[in-house]
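Here the structure comes first, spelled out in structure tokens, and everything after it is commentary.
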Amino acid sequence: MEPNLAVPDEERLTGARETFPELVARLSRLSVTKHYDAYADVPWDDPGYRIEHDDPRWEAGDDHALGATDWYKSQPPHIRSRIGLHIVVCSMHIGVEFENILTRGLLGFAMKLPVGAPEFRYVYHEAIEESHHSLMFREFVNRAGLDPGKRGALKRAGAARVIRLAQRFPELFFLFVLGGEDPIDHVQRMLMRRDVPPLLRRMMQIHITEEARHLCFAREYLRTRVPQLGPFRRQVMAISAPLILGRMAREMLDPPAIVARTYGIPKSVIREAYRDGPIHRALVRASLDKVRALCNELDLLTRFSRPL
Ligand SMILES: [Fe+2]
Ligand SMILES: [Fe+2]
């Protein structure tokens, strides 16, 4: 039976008050009983799962920033579906890069843990799950046969800093994790309500189910650790939080330059859809709702950082 995606087990209250080590142990057990393999659990070679460029189910709908523009609607159907697929390919490509940074950070974080810490086992489960996600995303990109674009040197420089953060300032690292995982999760849950091709649906079911654990761990880690931080580190977190979250949401949700170039999307259309577009602004805001509420709860939104 497919999992109920509306309320993942991990986010359900367990009734009794669970301590952080108990929660970590429960998440680790779930990683054994409810986990997926990138190849065994996705029927890549099933004819119904083939990626067809002209499949109208790839088309971006009216709830999508670009899909709602007159320019997009005036394109022939095969271009509309190809653009929709190309955007999915680009987000999976970014997903692989994000999960790579995340996994390298997690492994560094694990090495700093004392023997006996329950987080060690959990973090390894998470690294294994992320590796399967990346295999799955890369397989999709390979099979789609559309150019996902290149990543810049500046972004690579930023990645090295984030990986170091996992050891030096893990609270800030897990905020970065939420900044990437929350927007992806939000978009995937939105897509699940649409008629998408079965391959994408299967991949999202797997991803949403396992990411629920990752999101839960990151949130509870922050709930446990941030109140124990000294005033200086708290201040650094309060100032960095909106910058990290804003940057990550843009990385995850902005229009891929390669798509604009490939299909000759006019700059004015990109501006209309993304920079000034109410659909995109609402999406960015909604995708950060949960993490913003968490920052509020942890008293990380100061008079200075709130407007940011
Ligand atoms: Fe993932
Ligand atoms: Fe994750």
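Indexing begins at 1, ligand by ligand and atom by atom, following the structure's order. The chain is numbered in sequence order, starting from 1.
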Salt bridge (charged side-chain N to carboxylate O under 4.0 Å, His left out) contacts touching residues 114-134 (sequence neighbours left out): Glu129-Arg213

ring-ring contact (aromatic ring centres under 6.0 Å, His included) against His125, all qualifying residues, sequence neighbours excluded: none

Residue pairs fulfilling ring-ring contact (aromatic ring centres under 6.0 Å, His included) with at least one residue in residues 257-278, sequence neighbours excluded: His86-Tyr263, Tyr274-His280

Arg201 side chain vs Arg194 backbone, donor-acceptor pair below 3.5 Å: yes

Cut-off under 2.8 Å, centre the Fe ion (ligand 1), protein N/O/S atoms: Glu99 OE2, Glu130 OE1, His133 ND1, His207 NE2, Glu211 OE2

Backbone of Ile87 reached by a side-chain donor or acceptor of Trp58 within 3.5 Å: no

Under 3.5 Å side-chain donor-acceptor pair for Tyr39 and Glu139: yes

